[in-house]
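Computed from a predicted model, the values in this text were never measured in an experiment. Naming convention: chains lettered A, B, ... in sequence-line order (proteins, then strands); numbering from 1 in each chain.
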2 protein chains.
Amino acid sequence: MNIQFSKSTDYALHALLHLAHSKLHQNIGIKELSAALGVSESYLSKIMSKLRQDGIVRAVPGVNGGYELARPAEQITFLEVIQVIEGRQQLFECSNLSSQQHRLLAEDGAGESQRKSECLVKRVMDGAEQHLYQYLREHTIQSVLDEVFKQSNHAVNKK
Amino acid sequence: MNIQFSKSTDYALHALLHLAHSKLHQNIGIKELSAALGVSESYLSKIMSKLRQDGIVRAVPGVNGGYELARPAEQITFLEVIQVIEGRQQLFECSNLSSQQHRLLAEDGAGESQRKSECLVKRVMDGAEQHLYQYLREHTIQSVLDEVFKQSNHAVNKK
DNA sequence: TATATAGTGGATATTATAGGTCTATAATAA
DNA sequence: TTATTATAGACCTATAATATCCACTATATA
Ligand code: SF4
Ligand code: SF4
C-alpha cells in the first residue's frame with residue numbers, strides 16, 4: 001500500500017513554512033526548527049541537507065548560523081519540495097513490458113513511428129501524474145502563508 | 001521515496017483489461033491470465049481475490065471456472081481499482097499534530113467551530129488528492145479498450 | 001589564533017512493507 | 001467420486017522509511 005507522501009515531506013514543508021514565517025531573522029538554527037516541529041534534530045538536519053543540495057534553502061555553519069530560504073517563498077512550489085524529498089520517479093512505471101499483453105496493447109495498434117511501446121494504460125496514468133503535478137505547481141509556500149495571515153486578520157476583526 | 005503505484009496495481013489493471021477484452025468467453029482461468037501478463041499464478045490469484053472481495057470481478061471455482069467482470073467495463077474506474085489495491089489512506093496524513101507549529105497554523109487563525117485542527121498545508125494536499133481522484137474517476141477500463149479498437153481500425157485502414 | 005557553535009555526511013539500527021512462494025481447503029462440473 | 005479451479009493464510013526476502021549517533025568541517029567572534 002503505497003501512494004502516500006512520506007513523513008519527510010511533511011517535515012520539509014513545515015520547516016520551510018517556519019523559515020518563511022520568520023524571515024525577519026536571518027538564520028534559524030536546527031534547534032529552533034526541531035522544537036517548532038517536534039522532530040529530532042538529527043533527522044531534521046538530514047532533510048534540511050537535501051533541501052540545501054537542491055537549492056531550496058541556504059545554510060551557514062558556525063556561531064549564529066542556521067538556515068534561510070534560498071529564494072522568495074513565492075518561488076518555492078509544493079511540487080518542487082515533494083520531488084526533492086520523494087525523488088522524481090514516475091507515478092506509474094510499466095512492469096509488464098515483455099508480456100504478451102503489452103505486445104497486444106502497445107505494439108499492435110499504434111503506428112510504429114509514433115509513440116512506440118506505450119499503451120493507453122500508461123498514457124492515462126501519465127495524464128494523472130501531469131494533472132497532479134500541475135496542481136502542486138500552482139501552490140507555493142507563500143500562498144499558504146498568505147492564507148494564514150488572511151485568517152488571522154479575520155479572527156482579529158471578529159473580536 | 002514513495003509516491004508510486006505498486007506493481008500489484010499494474011497487474012490488476014492489466015488483468016481487468018484482459019477480462020474485458022475477451023468477454024465473449026465466460027470465464028478466464030488464472031492460468032490464462034498468468035500467461036498473458038507474465039506474472040506468477042500464485043501472486044496474481046491474490047490480486048484477483050482482492051478484486052473479487054470488492055465486487056469488481058466474479059469468480060467461479062471448479063472445472064472450467066475462472067474470472068469475469070462483475071460489472072460492465074464502463075463502470076470500472078481507474079480510481080476504484082487503485083483504491084482496492086493500494087488501500088484508501090489519504091495522500092497526505094498529518095504527522096505533526098501535537099507540534100508547536102500545528103497550534104500556530106491550525107488553531108490560531110481558523111474559527112473554532114469550522115474546520116478544527118486543519119491547516120492550509122493539509123488543505124492544499126487534500127485538494128491535490130481530490131484533483132487526482134477526479135481524473136482517475138473519469139477513466140474506465142472500457143475507455144482504454146475503446147482507444148485500442150480505434151487505433152486498430154486506423155492501422156488497418158492505412159494498409 | 002583559539003574556541004565554541006552549528007551544519008554535513010557516513011555508518012548503523014529498527015521497523016514496515018512490497019513482492020513473492022507454497023500449501024491445505026473449499027467449491028464445482030463431469 | 002474425481003479432476004479442476006479458486007481461496008485463505010502462513011511464510012520468506014529484499015528493500016525502503018524512519019531514526020540515531022558520531023566524527024568532521026566550516027564559521028563567527030572574542
Ligand atoms: S505500455 Fe501498457 S501494456 Fe505495456 S506494460 Fe505499459 S501499461 Fe502495460
Ligand atoms: S494541520 Fe497543518 S500544521 Fe497541523 S500537522 Fe497537519 S499539515 Fe501540519
Nearest whole angstrom, please: distance from the [atom2] of [N] to the [atom1] of [X].
X: B/L44; N: C/dG19; atom1: CG; atom2: P; result: 14 Å
X: B/I30; N: C/dC22; atom1: CD1; atom2: C1'; result: 15 Å
X: A/K50; N: D/dA16; atom1: NZ; atom2: C1'; result: 11 Å
X: B/I85; N: C/dT17; atom1: CD1; atom2: C1'; result: 15 Å
X: B/N27; N: C/dA30; atom1: CG; atom2: P; result: 12 Å
X: A/I47; N: C/dG7; atom1: CD1; atom2: P; result: 14 Å
X: A/N2; N: C/dT17; atom1: CG; atom2: P; result: 11 Å
X: A/L33; N: C/dG7; atom1: CG; atom2: P; result: 9 Å

Between [Y] and [X], is there a salt bridge with N-O shorter than 4.0 Å?
X: A/E41; Y: A/K46; answer: no
X: A/K50; Y: A/E86; answer: no
X: B/K122; Y: B/D126; answer: yes

* Residue list, salt bridge (charged side-chain N to carboxylate O under 4.0 Å, His left out) with A/E93, at least two apart or on another chain ->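 So A/E93 forms no salt bridge (charged side-chain N to carboxylate O under 4.0 Å, His left out) with any residue.
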* Could you grab the distance from atom CG of B/L17 to atom CD of A/Q101, nearest 0.5 Å is fine? =>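 Reported value, rounded in 0.5 Å steps: 5.5 Å.
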* With rounding to the nearest 0.5 Å, note down the distance linking CD1 in B/I82 to OG1 in B/T77. =>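 Result: 8.0 Å between the selected atoms.
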May I ask you to say what [X] touches in the nucleic acid, namely base, sugar-phosphate or nothing, with a heavy-atom cut-off under 4.0 Å?
X: A/Q53; result: sugar-phosphate
X: A/S42; result: base
X: A/F5; result: nothing

* **A/S6 side-chain N/O to D/dA16 phosphate OP1/OP2 under 4.0 Å** =>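 It does not, given that no N or O in the side chain of A/S6 lies less than 4.0 Å from OP1 or OP2 of D/dA16.
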* According to a strict under-4.0 Å criterion, is B/Y43 in side-chain N/O contact with OP1 or OP2 of D/dC12? -> no
Taking atom types as modelled and ignoring hydrogens, do the side chains of [X] and [Y] form a donor-acceptor contact shorter than 3.5 angstrom?
X: B/Q130; Y: B/Q134; value: no
X: A/Y43; Y: A/S8; value: yes
X: B/S6; Y: A/N2; value: no
X: B/H18; Y: B/E32; value: yes

* May I ask you to verify whether the side chain of B/K46 and the base of C/dT21 hold a donor-acceptor pair under 3.5 Å? =>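 Result: at least one qualifying N/O pair found.
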* Please tell me which of the listed nucleotides, D/dA8, C/dG7, D/dT20, lies nearest to the side chain of B/S49? => D/dA8
* Within residues 12-22 of chain B, residues whose heavy atoms come under 4.0 Å of DNA chain D -> none
* Structure fact -> Note: contacts of residues 59-72 of chain B with DNA chain D (heavy atom, under 4.0 Å) are B/A59, B/V60, B/P61, B/G62, B/V63, B/N64, B/G65, B/G66, B/Y67
* Report the residue (B/R52 or A/S8) whose heavy-atom-nearest nucleotide on DNA chain D is the more 5′ of the two. => B/R52
